[in-house]
Amino acid sequence: MDNIRNKLALLPDLPGCYLMKNEEGTIIYVGKAKVLKNRVRSYFTGSHNGKTQRLVANIADFEYIVTSSNMEALILECNLIKKHMPRYNVLLKDDKTFPYIKITNETHPRLEVTRRVIKDKAKYFGPYPNGYAAQQTKKLLDRMYPLRKCGVMPKEVCLYYHMGQCLAPCEKEVQKSEYEQITQDIAAFLSGGHDAVKKDLQQKMQEAAEELYFERAKELRDQIIHIDALMEKQKINTTDTKDRDVFGYAVDKGWMCVQILYMRQGKMIQRHSSVFPFYGEAYSDFMSYVTQYYSDNPALPQEILLPDVLDEEAVVDTEAKPAIVIAAPAEDDLQKGEDTPESPEEAEAREMAAAEASAAGVVDAAGGASILQEWLGTKVLVPQRGLKKQMVGMACQNATVAIDEKFRLIERDEVRTSGAAISLGESLGLERLSRIEAFDNSNIQGTNPVSAMVVFIDGKPARKEYRKYKVRTVVGADDYGTMREVIRRRYERVLKENLPIPDLIVVDGGKGQISSAIDILENELGLFIPVCGLVKDDKHKTAQLLVGDPPEPVALARDSQEFYLLQRIQDEVHRFAITFHREQRGKSMVTSKLDSIPGIGEKRRKALLKHFGSLKKIKEASIEDFKSLSIGEKLASQILEALKDEEPAT
């Protein structure tokens, strides 16, 4: 702390970025500040909520980089977050891969859906909220505009040409001006000019029908239907035709939800929702999200609307509806072309609040919007009144509903899983049922016998406590012997290392497996832990629960939460065991096949696998490929011949 105090005293009154580090020197948080002295000091003075305390508790040192402007600090913060991926920052891990529709920059351009934006002089449109929306839009464009569809030019015309969906550049010469016109039409359509395209198609359909070209008229009618289907979700209209991205956010219990409403040509067409934990100041982390979102976005709207700084204590409405419903503003409000100007008193109050926030080192909305506007070169507003304010409010309302729904689902799931464990314990006559350990064995005709254990605590899997066992003492397909060995090894270690003792042990099998486990526990280890067995039916599904010595069936309704919990446990331990067995069997098969070849020892076997990567690649190699390993033609031929004779694994 002495080191931190000394550094705090030397902080400058300048804009810049700060990098918080833990004891290992790892960067755990990156932030920006209009005044570095105020912002960085705020972390080490006063009280913080729980999530910020977790961040501050891990700070052992910090660095800072001074910038010449707030805009430079914004860009630098974005770059530093992408470079260091700090634990406590908002990271767009998934959101960086939004899909775009791309018109390629080629002699004969194509339409593509891509998640990778590069500087290749292509035209990008988007981003789209999901891949389905992008693919559906591309599918419509492919029907309407005859750009080539093939990745590699064929030698003759394909079906797309005969359907009127390709200009056939493989056989015919297509003028550059023709491609430019198609590109302009697509750009106009993707920029929101659906009505004009639809009107043109309706006119062409009418002309085709009058000339008795009914098949052509039907094709045009289908295109109009597809446009209507694509745009049917456009429920909210504004009087202008601007393209806008409308942002809203809500926070609760250390989590943030950001909602983006996409409005194109004055119509709302889609939305996107992101929910993630955050650790810094809420609005600062929200602005960090927005900055990262636009850092790789080549298709900017004409206008971006951002919310004002929210009061975190009043963000989440606990009475919010459990489903996400995008509610439009009132019809009267939609008719207003301009936002009502704020009164002098409201403007003064807003400016005072912004000044107080700035003094405390907190990002103010107007300042953040101004910096973002300067960087992106597009209009960024924080509306205070009128229709635009309502649009932002709608985005915030949807964010509130989404984050509330998240916690409702979590609470519901926790109640159901913990309730199922309690009910199962009551059905088995146990006073307490929290920790369950389940075992399953796996082998094929006695080869590579293995076993696995999974742990469930309060009805939920505790994957860090899963264990794998290679069977040591049992030869052949002896399921009872395998169970005895694994139970002995597991609970000898539990006693030796004073590990938690389970409330219930679940074995995969019936009376024999249960008796084997109880015998080891009680007669060898002196442990009296309840053991139950899960018997499967002829379809390999959980059918019956057996408990006791001698084991007796316990009646559980097939549709009960207790039975569902047992199914999950049995499926999970079987999955874990069979995966481990496949790994071991694959390794042994590769070893045995190569070791059986004369002239191949352990050293050469390892060299072959390292060089080729797999047995399949060795089988597909030519004799020349072995020369780099100092293997001559004769031995290479023997290897290929021996592997060729091997039957494929089933």
Side-chain angles (χ1 to χ4, degrees), residues 414 416-442 450-471 479-536 542 544-554 556 560-577 580:
E414 287 180 350
R416 291 178 68 182
T417 53
S418 60
I422 293 169
S423 298
L424 179 61
E426 292 173 352
S427 300
L428 299 176
L430 303 177
E431 293 182 3
R432 180 177 182 272
L433 182 55
S434 175
R435 184 184 181 91
I436 300 173
E437 295 186 357
F439 296 83
D440 190 17
N441 305 326
S442 182
V450 299
S451 188
M453 180 194 78
V454 301
V455 179
F456 274 62
I457 298 176
D458 295 330
K460 293 177 285 188
R463 292 185 174 84
K464 290 184 179 179
E465 300 196 44
Y466 287 11
R467 295 293 181 268
K468 303 173 182 176
Y469 298 92
K470 290 183 183 178
V471 178
D479 204 33
Y480 301 157
T482 299
M483 186 61 66
R484 293 172 66 88
E485 177 189 326
V486 173
I487 292 291
R488 182 186 295 113
R489 285 168 58 185
R490 167 61 183 171
Y491 295 103
E492 278 181 348
R493 185 168 185 177
V494 166
L495 292 172
K496 184 179 179 180
E497 299 182 10
N498 197 27
L499 299 175
I501 294 177
D503 302 307
L504 178 68
I505 295 173
V506 178
V507 297
D508 185 73
K511 296 181 179 180
Q513 286 85 352
I514 295 173
S515 298
S516 299
I518 291 175
D519 180 42
I520 296 296
L521 290 167
E522 295 184 359
N523 299 328
E524 289 191 21
L525 303 176
L527 290 172
F528 295 87
I529 305 171
V531 179
C532 70
L534 294 175
V535 181
K536 295 178 180 176
T542 305
Q544 195 175 42
L545 172 66
L546 298 177
V547 179
D549 190 16
E552 297 292 337
V554 177
L556 288 178
S560 66
Q561 287 298 316
E562 304 95 285
F563 194 84
Y564 175 64
L565 174 60
L566 290 172
Q567 281 184 318
R568 284 183 60 204
I569 292 172
Q570 189 169 38
D571 290 345
E572 178 69 355
V573 71
H574 179 71
R575 177 200 65 78
F576 194 52
F580 182 45

*Looking only at heavy atoms, which two atoms of Pro530 and Leu430 are closest? And how far apart?*
CG-CD2, 3.6 Å

_Out of the candidates Phe576, Phe456, Phe439, only one should pair with Tyr466 under the ring-ring contact (aromatic ring centres under 6.0 Å, His included) rule; please name it._
Phe576

*Indicate the atoms forming the closest heavy-atom contact of Pro553 with Gln544, along with that distance.*
CB-NE2, 3.3 Å

*Short side-chain donor-acceptor distance under 3.5 Å, Asp508 and Gln570*: yes

*Show your reasoning for whether side-chain contact (heavy atoms from CB on, under 4.5 Å) applies to Leu545 and Leu424.*
CA-CA 11 Å; Leu545 172 66; Leu424 179 61; 4.3 Å; yes

*Can you name the nearest heavy-atom pair linking Leu525 to Leu495, along with the distance?*
O-CD1, 3.9 Å

*Straight-line distance of Leu499 CG to Arg490 CZ, nearest 0.5 Å*: 6.0 Å

*Closest non-hydrogen atom pair between Tyr480 and Ser516, with its separation*: CB-OG, 3.6 Å

*Should Glu426 and Ile422 count as side-chain neighbours, where that means a heavy-atom distance under 4.5 Å?*
yes

_Minimum-distance pair of heavy atoms, taken over all atoms of Val535 and Gly509_ = CG2-O, 3.9 Å

*Gap separating the CG atom of Leu504 from the CG atom of Leu428, nearest 0.5 angstrom*: 6.0 Å

*Using only heavy-atom distances, determine whether the side chains of Tyr491 and Glu524 contain a donor-acceptor pair under 3.5 Å.*
no

*Arg575 atom CZ, neighbour heavy-atom count above 12 within 6.0 Å*: yes

*Could you walk me through whether Lys468 and Val450 pass side-chain contact (heavy atoms from CB on, under 4.5 Å), step by step?*
CA-CA 8 Å; Lys468 303 173 182 176; Val450 299; over 6 Å; no

_Under 4.0 Å between a side-chain nitrogen and a carboxylate oxygen: does that hold for Arg489 and Glu485?_
yes

*Point-to-point distance, once rounded to the nearest 0.5 Å, from CG of Leu565 to OG of Ser423*: 10.0 Å

*Spacing of Ile487 atom CD1 and Ile518 atom CD1 [to the nearest 0.5 Å]*: 10.0 Å

*Evaluate the side-chain proximity of Asp440 to Val454: yes if any heavy-atom separation is below 4.5 Å, no if none is.*
no

*asked:* If you count every heavy atom of other residues, nucleotides or ligands that lies below 6.0 Å from Tyr564 atom OH, does the total exceed 12?
replied: no

_Rounded to the nearest 0.5 Å, what separates atom CD in Glu437 from atom CD1 in Ile457?_
8.5 Å

*In Å and rounded to the nearest 0.5 Å, what is the CG to CD1 distance from Asp519 to Ile514?*
13.5 Å

*Has Glu497 got more than 12 heavy atoms of other residues, nucleotides or ligands less than 6.0 Å from its CD?*
yes

*Expected output: side-chain Asp503 to main-chain Arg435 donor-acceptor under 3.5 Å*: yes

